[in-house]
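All values below come from the heavy atoms of this structure, side chains included, with hydrogens, waters and symmetry mates left out. Each chain gets a letter, A, B and so on, in the order its sequence line appears, and its residues count up from 1.
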Protein chains: 2
Amino acid sequence: MLKDIDLQLLRKAPLFSSLGPQELGQLLDSASALSLQAGEQLFAEGEPAQAFYVVIEGSMRLYKLSAEGNEKVIELIQAGETFAEAVVFLGGRYPVHAAALSPARLIRIDNTEFVRALRSNNNLAMKMLASISMRLHQLVNDVRALSLESAGQRVAGYLLELAGEAGAGSEVLLPAQKHVIASRLGIKPETFSRVLTGLREQNLIDLEGQHIRLPDAAALRRWRDNHR
Amino acid sequence: MLKDIDLQLLRKAPLFSSLGPQELGQLLDSASALSLQAGEQLFAEGEPAQAFYVVIEGSMRLYKLSAEGNEKVIELIQAGETFAEAVVFLGGRYPVHAAALSPARLIRIDNTEFVRALRSNNNLAMKMLASISMRLHQLVNDVRALSLESAGQRVAGYLLELAGEAGAGSEVLLPAQKHVIASRLGIKPETFSRVLTGLREQNLIDLEGQHIRLPDAAALRRWRDNHR
DNA sequence: CGTGAGTTTGATTCGAATCAATGGAAGTGG
DNA sequence: CCACTTCCATTGATTCGAATCAAACTCACG
């Protein structure tokens, strides 16, 4: 069963903002809430997919494994965001593994019900197209970064992205443990650590655990653009 | 103006297969044909986008550039395929550069007209969702390969993908010059060459210019799974 | 406290890039 | 039709960035 509080949060997801109250209600008739412990796995790659999810609280990591068991974090999902929506159109199998980064509460939305809503509500379909297109764009940028940028450039770029438009002195909180961020950036934890201390030594960042301050975002941007 | 022949080919693109004759006709009222010489650039990253394209003949490469001018081929587009459709939802700017690999004929489809069609035709919207989702999946796999696989594994995987389900002795034709394929795979031409000769020396492939034969796809798959 | 996961730091190795030359194949123009 | 240029691919020697291996260190937590 869903609580009213959940519904409030759900409405905030851009994907659902176009739905009227009764449309949303219909979609949620088949929805259910669930909780995950930190580290708990939600689904595995290749598993048949009957649903996608909205994160109400906590955060998730989506990742792939190599044959040798090495892990690459594809995406970090924060509260308020949806994930695995595109699976409806992918032959009904999850293309990644999903696990909770922290204790999490999710809403599970049934695929068939969602497709019904998509078919009947053109606005929803447009929102969905916009949402998937954004993700596509993100991934293209990840591919570019992995292929054309050094570890240092990717780290700097990531910090700047987290800082957003915020001006000087902006403080950033890493959305996960450092080794998870490292994997997200396609580098090893050791390398991530070295890059961060390197940046600190040049006074380009202030480092305090997961909290990082960017005293001079412009200088950091310059460093990224010039550096190897 | 469009020729009838073009229309035949257009209908083959999965995106348009759901359209009735008059819907397609309406979409194509605002469409136009154009030709490109080999190597000619169609659009640059960041350029405002009023249209997307269908390749009627020839092939295209979509690529990104680094600050230093290095190039990463994101995708190779063959005749019959569409590209840059998702741009409608991306703030109207192309996220990549596009240039012809060989002499090419394209059909240019106006964005505003296309959005109109999307809004009025739910089937088209669903097809579009499916199409973009596939590309998303592809990119996730590229990210995985770039992060978790060695150069050799990526090359072997690419050859196997080109060969498709075809059984033993299948012959594959590289869809572009080798340095372009190398960039697509995120490696340098020299490395690509070395990997191919390595595979040849182990009799895992037969090499004749752009033609590559896979005498034993299973063995190649095994090599990829075991090798570094 | 002690235990263990997570992070940092150091030494070394390794894969792929870079730098450098050579070898063809394709196309151009005399 | 053959030099000549040019582009592309291959091969070799070397360098370099990041991974790996190994050890210390730091906390959060039982």
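- Between A:L159 and A:L196 the shortest side-chain heavy-atom distance falls below 4.5 Å.
- Between A:E208 atom CD and D:dC27 atom C1' there is a gap of 15 Å when expressed in whole angstrom units.
- Whole-Å rounding puts the A:L148 CG to C:dA16 C1' distance at 15 Å.
- With sequence neighbours excluded, the residues satisfying ring pair (Phe, Tyr, Trp, His ring centres under 6.0 Å) with B:H97 are B:Y63.
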Just the atom pairs and distances: protein N or O near nucleotides 8-11 of chain D's N or O, under 3.5 Å.
from: D:dC8; atom 1: OP1; to: B:Q177; atom 2: NE2; distance (Å): 3.1
from: D:dA9; atom 1: OP1; to: B:K178; atom 2: N; distance (Å): 2.8
from: D:dA9; atom 1: OP2; to: B:H179; atom 2: N; distance (Å): 3.3
from: D:dA9; atom 1: OP2; to: B:H179; atom 2: ND1; distance (Å): 3.1
from: D:dT10; atom 1: OP1; to: B:K178; atom 2: NZ; distance (Å): 2.9
from: D:dT10; atom 1: OP2; to: B:S193; atom 2: OG; distance (Å): 3.3
from: D:dT10; atom 1: O5'; to: B:S193; atom 2: OG; distance (Å): 3.2

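- The stretch residues 195-208 of chain B participates, sequence neighbours left out, in these salt bridge (Lys or Arg N to Asp or Glu O under 4.0 Å) pairs: B:D206-B:R213.
- A:N111 places a side-chain N or O within 3.5 Å of a backbone atom of A:A49 that can act as its donor or acceptor partner.
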List every contact pair, protein side and nucleotides 28-30 of chain D side both N or O, where the distance is under 3.5 Å.
none

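- Less than 4.0 Å separates DNA chain C from no heavy atom of any residue of residues 59-68 of chain B.
- Summarising the geometry, the separation between NZ on B:K188 and C1' on D:dG17 is reported as 14 Å, rounded to the nearest angstrom.
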What nitrogen or oxygen pairs link the protein and nucleotides 21-24 of chain C at under 3.5 Å?
none

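- Between B:I187 and B:R154 there is a side-chain heavy-atom pair separated by less than 4.5 Å.
- Using modelled atom types, one side-chain atom of A:T197 and one backbone atom of A:R194 make a donor-acceptor pair closer than 3.5 Å.
- Residues A:I107 and A:Y53 are not in side-chain contact: their nearest non-hydrogen atoms beyond the backbone lie 4.5 Å or more apart.
- One atom, CG of B:N70, and another, P of C:dA16, lie 18 Å apart when rounded to the nearest Å.
- Applying the side-chain hydrogen bond (donor to acceptor under 3.5 Å, both in side chains) rule to B:Q78 yields no partners; only residues at least two apart in sequence or on another chain are considered.
- Between B:L15 and B:V54 there is no side-chain heavy-atom pair separated by less than 4.5 Å.
- Checked against side chain to side chain contact (heavy atoms under 4.5 Å, CB included), A:A79 has the following partners two or more places apart in sequence or in another chain: A:V55.
- Aromatic ring orientation, A:F16 versus A:F114: perpendicular (interplanar angle above 60°, classes split at 30° and 60°).
- Inter-residue side-chain proximity for A:S66 and B:E149 is flagged as unmet; no heavy-atom pair is nearer than 4.5 Å.
- The side chain to side chain contact (heavy atoms under 4.5 Å, CB included) search around A:Q138 returns A:D142, A:E161, not counting sequence neighbours.
- Residues passing the side chain to side chain contact (heavy atoms under 4.5 Å, CB included) test with A:S133 are B:A86, B:F89, B:L90, B:I132, sequence neighbours excluded.
- When rounded to the nearest whole Å, the span between CD of A:E71 and P of D:dA19 equals 15 Å.
- For the helix from C:dC1-D:dG30 to C:dG30-D:dC1, the axis fitted to the five pairs at one end and the axis fitted to the five pairs at the other end meet at an angle of 30° (nearest 10 degrees).
- In this entry the distance linking CG of B:L146 with C1' of C:dA17 reads 16 Å, nearest Å.
- Of the possible polar contacts, one joining the B:S147 side chain to the B:V143 backbone as a donor-acceptor pair under 3.5 Å is found.
- Taking atom CD on A:E149 and atom P on D:dG17, their separation rounds to 16 Å, with Å as the unit.
- Sorted by first and then second residue, the pairs that involve residues 59-78 of chain B and meet salt bridge (Lys or Arg N to Asp or Glu O under 4.0 Å), not counting sequence neighbours, are B:E45-B:K64, B:R61-B:E71, B:E75-B:R135.
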